[in-house]
Amino acid sequence: MKFLRMRPGFGEQFIAEGDVEIPEDERALVEEFRRQLDQGMWAAVPVTRFDGRREAEMVRVFDEIPRDTGRVIFFPRAAGGSE
Amino acid sequence: MIIALSATAIVVLALLWEVSMPWIDRRLDARRRKREQRRAGDPGAAYDPGRERRAEQRARELLKSCVNEEEWALYRDLGFLRVWGGQSDPDGPSELRGVDYAYLVYPHKPIVAYLPQTGRLLNEYCVEFPDETRPYGSPRLPDSDDVLAKWMALKGDERRIIAEANLHLPGRQVDPRQIQRDLWRLGRWERERLARALRTGADSQRQAEPADG
């Protein structure tokens, strides 16, 4: 599982990678996940449905991430724009 | 005569000096600030168009890898995405029960909700994804990342992003004439795509027939 983060002036940045079946890797991923959310990020998982349609799921806790997902994308949380 | 002309010249020069001093001061200040920022290692001090282009290129690749092929083609060709609304469930709680609606997603512009059947514009949802760490001096994501963030948020948790957005009537920030034009372009794009798909299907069938026969 890879963690990617969108960055201004950069595009997506690779921030962590690990195998969730390995406990140490999973612990590191959980910590990184929490750190990103603490920094104000939202997390989304791109998914492909059984009919081939691509969708996305927003995840708020690590346990919501499907175990077999390849990547989690972090991006800054939404804020109301131009008043 | 010479004395009078010299005096006039001196007065003119003095006036010009007075007028241009604030401008020169500002320029020198800006230059000094930039030099100091660069010395302090702040990369935001220098705008680098190459970096922004590379960032956008990476963002486009990421967008392409996440959205459906048709959505990617739409963004590539017309510069925006259409995302179908998910609150039109016939048994759902919203006032849009049973009515198909969709959003137009532009980079760094409000999300526009509309009714595809009539083209009627519903609302503008002003939303941003500012990264306050400002790694290169700006909180703005590359265009395609902004579009992907909106797409993922609408697909993954439509209510949440709509709740975070500032709601406005259509026309507040995006010109309704531009949206109508984009809807017309979208319709034409879909018809051409369908015609192309039909042509390709017919060609494949023709090629397959002799082999069958």
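Just so it is clear, the values below take in all heavy atoms, side chains as well, and ignore hydrogens, waters and symmetry mates. Each chain gets a letter, A, B and so on, in the order its sequence line appears, and its residues count up from 1.
- Taking 4.0 Å as the cut-off between side-chain N and carboxylate O, Asp157(B) and Arg60(A) count as a salt-bridged pair.
- The candidate from Arg160(B), Arg134(B), Glu69(B) with the greatest count of non-hydrogen atom pairs under 4.5 Å with chain A is Arg160(B).
- Under the 30°/60° scheme for interplanar angles, the aromatic rings of Tyr106(B) and Phe80(B) are found to be tilted.
- Contacts of Pro130(B) with chain A are made by both backbone and side-chain atoms, with heavy-atom separations under 4.5 Å.
- With a threshold of 4.5 angstrom between heavy atoms, Glu55(A) approaches chain B through its backbone and through its side chain.
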For Tyr103(B) and Tyr114(B), what are the C-alpha separation, side-chain angles and deciding distance, and is it a ring pair (Phe, Tyr, Trp, His ring centres under 6.0 Å)?
-> CA-CA 6 Å; Tyr103(B) 300 103; Tyr114(B) 73 104; 8.7 Å; no
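- Looking at Thr133(B), only its side chain comes within 4.5 Å of chain A, counting heavy atoms on both sides.
- Taking the ring centre of Phe3(A) as origin, the terminal cationic atom of Arg71(A) falls outside the region bounded by 6.0 Å and 45° from the ring axis.
- For chain B, the nearby parts of Pro76(A) are the backbone and the side chain; heavy atoms of each come within less than 4.5 Å.
- With a 4.5 angstrom heavy-atom cutoff, Ala149(B) touches chain A via backbone and side-chain atoms both.
- Interface remark: Phe75(A) contributes side-chain atoms only to the contact with chain B (heavy atom separation under 4.5 Å).
- Counting heavy-atom pairs closer than 4.5 Å to chain A, the top residue among Ser144(B), Ala59(B), Pro110(B), Pro142(B) is Pro142(B).
- Other residues, nucleotides and ligands place more than 12 heavy atoms under 6.0 Å from the CZ atom of Arg193(B).
- Contact count against chain B (heavy-atom pairs under 4.5 Å) is highest for Met6(A) among Met6(A), Arg7(A), Met41(A), Arg77(A).
- No more than 12 heavy atoms of other residues, nucleotides or ligands lie within 6.0 Å of CZ in Arg177(B), so this atom counts as exposed by the packing criterion.
- By the 6.0 Å contact criterion, CD on Gln117(B) is open, its count of non-hydrogen atoms from other residues, nucleotides or ligands being 12 or less.
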